[in-house]
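For reference, the structure discussed in these notes is given below.
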Amino acid sequence: MRSFKSAMLVFGLLAACAQTAPIAPQPDLPPDDPRQAELLSSECTIYFAAVARMEADGIDVSGNPTRGCPPEAAGVSADINAMISVPSVTGGYPQTLYDRMLSRGIPVEVANDISRSKAFWDLVAKRDSLLADF
């Protein structure tokens, strides 16, 4: 019985360590603003597309890049293929979004491609547009 309790304690600690905070809300918007959910869904769509691409390419998925994401975001397509001509990742939100991808376990090579994708820059533009209306 003692070993069972020890095993349960270990599993409980591992489960607690695996828990991470969901995607941070945009600090420029109120927490209950529907635009928060719209931005979260768009960001999560990129994470689901990244996981699908890594699995298709045989790349090990480290961690859980889609943690905290609404499951319906998995059903939305996102073009995460690198475009030929794109702006470079600059400070502010583009850098924050890039850093979030890395912190969620998306490999640098994949994050670099995504940061040059239509989905990435559409999300940056959407955020800017939503904040401009704020």
Flag side-chain contact, heavy atom, 4.5 Å: L40 against Q36: no
Heavy-atom closest pair, residues [X] and [Y]:
| X | Y | result |
| --- | --- | --- |
| R104 | P65 | NH1-O, 2.7 Å |
| L102 | I106 | CD2-O, 3.5 Å |
| A50 | I114 | CB-CD1, 3.6 Å |
| M101 | A111 | CE-O, 3.7 Å |

Mind checking the [atom1]-[atom2] spacing from [X] to [Y]? Nearest 0.5 Å is all I need.
| X | Y | atom1 | atom2 | value |
| --- | --- | --- | --- | --- |
| D128 | Y93 | CG | OH | 9.0 Å |
| R127 | T96 | CZ | OG1 | 7.5 Å |
| F48 | T66 | CZ | OG1 | 4.5 Å |
| K118 | M83 | NZ | CE | 7.5 Å |
| I46 | C69 | CD1 | SG | 10.5 Å |

Pairing residues for N112 by the side chain to side chain contact (heavy atoms under 4.5 Å, CB included) criterion, not counting sequence neighbours: Y98, V108, R116
Counterpart residues, side chain to side chain contact (heavy atoms under 4.5 Å, CB included), relative to K126 (two or more places apart): E38, L39, S42, L130
Side-chain donor-acceptor contact under 3.5 Å, Q95 with D99: yes
Distance-only side-chain donor-acceptor flag, S115 / D113, under 3.5 Å: no
Any donor-acceptor N/O pair, R53 side chain to I59 backbone, under 3.5 Å: no
Under 3.5 Å: donor-acceptor pair, side chain of T45, backbone of S41: yes
Flag if over 12 foreign heavy atoms under 6.0 Å of CG, D57: yes
Joint cluster assignment, W121 & V76, ILVMFWY side-chain distance < 4.5 Å: no
